[in-house]
S.K.: 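Supplied in structure tokens, the structure appears directly below.
Here is how names work: the chains are called A, B, and so on, in the same order as the sequence lines, proteins then strands, and each is numbered from 1. Just so we're clear, the structure is a prediction, and the values are computed from it rather than from any experiment.
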Amino acid sequence: MTKPAVLILGARSDIARAVAHKFAALGHPLQLAARNVDRLKADKTDIELRYDVPVTLHACDALAIKTHADFVATLPELPQIAICAIGLMGRQSDHEHDIVAATRIMRSNYEGPASLLSHLANQFEKRGNGTLVGISSVAGERGRASNYIYGSAKAGFTAFLSGLRNRLARRGVHVVTVLPGFVATQMTDGLDLPARLTAQPNEVADAILRAVKRKQDVIYVRRVWRLIMGLIRLIPERMFKGMKI
Amino acid sequence: MKISGWGRYPVLEVQTHKPRDMDAVRDCVLSQPTLIARGNGRAYGDSAINPSATLDMRRLNRMLAFDPQNGQLVAEAGVLLGDIISAFLSRGWFLWVTPGTKFVTLGGAIAADVHGKNHHKDGSFRSSVDWIDLMGPDGVVRRCSRHSDPSLFDHTLGGMGLTGIILRAAIQLRPVESGWIRQTTIPTPNLKATIAAFETARDASYSVAWIDCLASGDKIGRSILKLGEHATRRALPAAQALSPFSIPRKRRLSVPVDLPGLTLNAYTLRAFNALYYKTGTRTSGEHLVDWDSYFYPLDAIHGWNRIYGRNGLAQFQCVLPLARSEAGLGALLSEIAKVGSGSFLAVLKRFGQQQSAFSFPMEGYTLALDFPVNPKTLALLERLDKIVLDHEGRFYLAKDSRMSAATLHASDPRVAAFMAHRNRHGLAQRFLSAQSERLSL
């Protein structure tokens with residue numbers, strides 16, 4: 001029996017690569033989407049060789065909102081599971097005074113992903129089943145001076161996923177929100193992250209597969225993050241604004 | 001960040017880079033004054049550490065092509081040997097040569113020119129390598145093989161990453177009919193008998209002995225010799241013959257914390273070694289063993305290197321020429337038994353002939369030992385070095401973390417030619433590791 005197809009948006013990211021390998025190992029055909037498809041060719045060959053599943057590549061620019069309907073319509077088949085790993089962090093200090101660059105971060109982390117998932121959601125709803133996975137961030141749980149541009153976009157995306165889940169819950173479509181905490185990826189290369197709080201891309205991928213299978217709603221990859229973010233949210237704003245975290 | 005080899009000694013503060021494509025590798029090569037590539041960190045000492053720039057190659061881990069007609073696989077250097085097995089064993093292909101852990105990268109296997117239990121028949125990892133793509137100090141990628149640029153090919157195999165950054169390679173896989181090994185266990189009471197048993201077993205595909213390095217007197221060198229053959233489909237019991245490549249799922253053990261240094265003392269080691277020997281004599285004869293347990297018994301214990309405590313462990317592996325093997329092994333084992341701070345498991349293996357410019361193996365016997373790092377064992381290792389030199393043997397750089405440059409240069413006349421190659425091609429100033437600096441390579 002052939003397994004249903006899995007679409008991965010932002011397929012060049014480390015988390016996306018790890019997720020792709022896990023689904024391919026289970027025998028799912030993959031649709032990998034990224035802005036620059038040429039750079040995915042080696043991944044396609046790699047995954048096909050390792051797991052003997054078909055992989056198709058699809059150009060998709062998260063910021064080219066008008067192309068998104070077409071992108072979804074021209075997929076070889078409507079996937080059963082779609083995972084959005086699109087994200088862009090950059091350095092906050094570069095964006096505080098370069099507002100155009102800042103809006104690019106906001107659009108890449110919220111507008112683009114939300115637009116793509118909206119198109120997919122509508123198709124899934126029509127079909128009456130499917131799973132959407134959005135990789136958001138704990139940075140969206142509370143705005144902090146060091147990372148609020150990225151964080152605010154992720155906050156929007158988290159709220160979007162929550163609303164989408166609510167809307168589609170009785171329509172057979174499940175929505176998973178992933179809040180990974182620190183992950184050792186190219187996005188965080190060069191940052192000095194505490195090892196106990198930092199997950200490997202493989203761990204995130206395992207957590208995503210589990211969440212899809214068990215229809216979990218919101219997952220933190222390392223459980224300690226649920227506690228940390230719970231505490232951070234509890235700090236009164238009067239104190240929070242003076243803190244450096 | 002602080003990193004070390006698998007022996008967790010020495011630990012050095014290092015600037016690491018994690019390139020994700022060829023462009024990023026080139027950027028590092030062109031911008032860093034000195035650097036070294038690193039695979040999965042399974043070399044025991046400081047081979048893959050350069051404090052100013054260490055390139056973690058594990059993101060370059062794609063398989064690029066496979067030809068089912070001739071079994072040739074092309075893959076990036078960061079692919080793990082275990083990934084190759086996962087991908088291809090179920091289709092009837094296995095590695096021609098594998099070391100005792102599957103958690104090494106393809107690039108690392110080439111750089112150390114690793115060997116396995118079949119060296120006496122099939123040679124080192126080199127035998128399975130068709131070509132290597134290497135980035136030189138100028139950022140240019142060169143493909144070398146036995147026919148094109150053979151000198152670069154020769155020096156890269158066993159060259160410990162000191163000839164450039166290994167990017168990709170083509171290797172041959174071997175066809176197998178199952179994932180099972182027919183293992184024959186032969187206990188031998190002393191060194192003479194062990195060597196005789198190895199010589200008798202020259203036709204076995206695989207052979208390796210676990211040697212009781214704490215036995216003394218007339219028991220010195222007593223061993224459990226294990227021979228192996230790939231099981232044909234027909235040789236399997238009905239249950240396994242149905243799906244000859246699937247093996248039972250294993251419980252994975254792990255050592256989550258450093259054990260206190262006292263855990264491995266003369267008494268526990270002696271007891272363990274004696275028990276191991278006893279168990280071996282009791283289970284002698286032929287058994288069917290799955291590939292994972294046969295080739296990679298220690299991989300089942302995650303973080304086994306922690307049993308040596310927080311100071312880490314020092315590996316010691318030497319090879320002695322055939323004519324001097326018995327005398328040399330006798331001298332090494334007596335010295336170890338005398339100190340009583342032996343190795344948890346010591347491994348003895350017969351090597352066959354070896355072709356290469358700087359690879360470790362040569363025809364003769366190789367002995368591998370590990371010791372907790374402390375002043376007593378470091379002093380013992382110095383004495384073992386001397387015994388090896390007296391018997392015209394040499395040392396495995398992938399295991400070394402503490403040898404002196406003088407010892408290396410005295411042991412291996414090929415060092416001069418290797419250094420000349422490095423100087424001639426402008427490699428000596430660029431590709432450096434803590435080990436190459438220590439050993440003046």
S.K.: Determine, stepwise, if the pair B:K18 / A:Q186 fulfils side chain to side chain contact (heavy atoms under 4.5 Å, CB included).
M.R.: CA-CA 8 Å; B:K18 298 178 180 171; A:Q186 51 191 334; over 6 Å; no
S.K.: Does A:R35 CZ have over 12 foreign heavy atoms under 6.0 Å away?
M.R.: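 At most 12 heavy atoms, drawn from other residues, nucleotides or ligands, come within 6.0 Å of this atom.
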S.K.: State plainly whether the residues B:R59 and A:D14 are in salt-bridge range, i.e. N to O under 4.0 Å.
M.R.: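 Yes, this pair counts.
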S.K.: Please report the interatomic distance OH(A:Y51) to OG(B:S90), rounded to the nearest 0.5 Å.
M.R.: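 With rounding to 0.5 Å, OH (A:Y51) is 11.5 Å from OG (B:S90).
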S.K.: Considering only heavy atoms, which portion of A:R12 lies under 4.5 Å from any heavy atom of chain B: side chain, backbone, both, or neither?
M.R.: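 Its backbone and side chain both get close to chain B.
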S.K.: Looking only at heavy atoms, which of residues 61-76 of chain B get nearer than 4.5 Å to chain A?
M.R.: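 Residues in range: B:N61, B:R62, B:M63, B:L64, B:A65, B:F66.
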S.K.: Mark yes when over 12 heavy atoms from residues, nucleotides or ligands other than B:R91 sit less than 6.0 Å from its CZ; otherwise mark no.
M.R.: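 Counting neighbours around CZ of B:R91, more than 12 heavy atoms of other residues, nucleotides or ligands fall under 6.0 Å, so yes.
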S.K.: Rounded to the nearest 0.5 Å, what separation is found between the CG atom of B:D56 and the CG atom of A:D189?
M.R.: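 With rounding to 0.5 Å, CG (B:D56) is 9.0 Å from CG (A:D189).
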S.K.: Tell me which of these, A:D192, A:T45, A:I47, has more heavy-atom pairs under 4.5 Å with chain B than the rest.
M.R.: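 Going by pairs under 4.5 Å, I would pick A:T45.
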S.K.: More than 12 foreign heavy atoms under 6.0 Å from CZ of A:R104: is that the case here?
M.R.: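 No.
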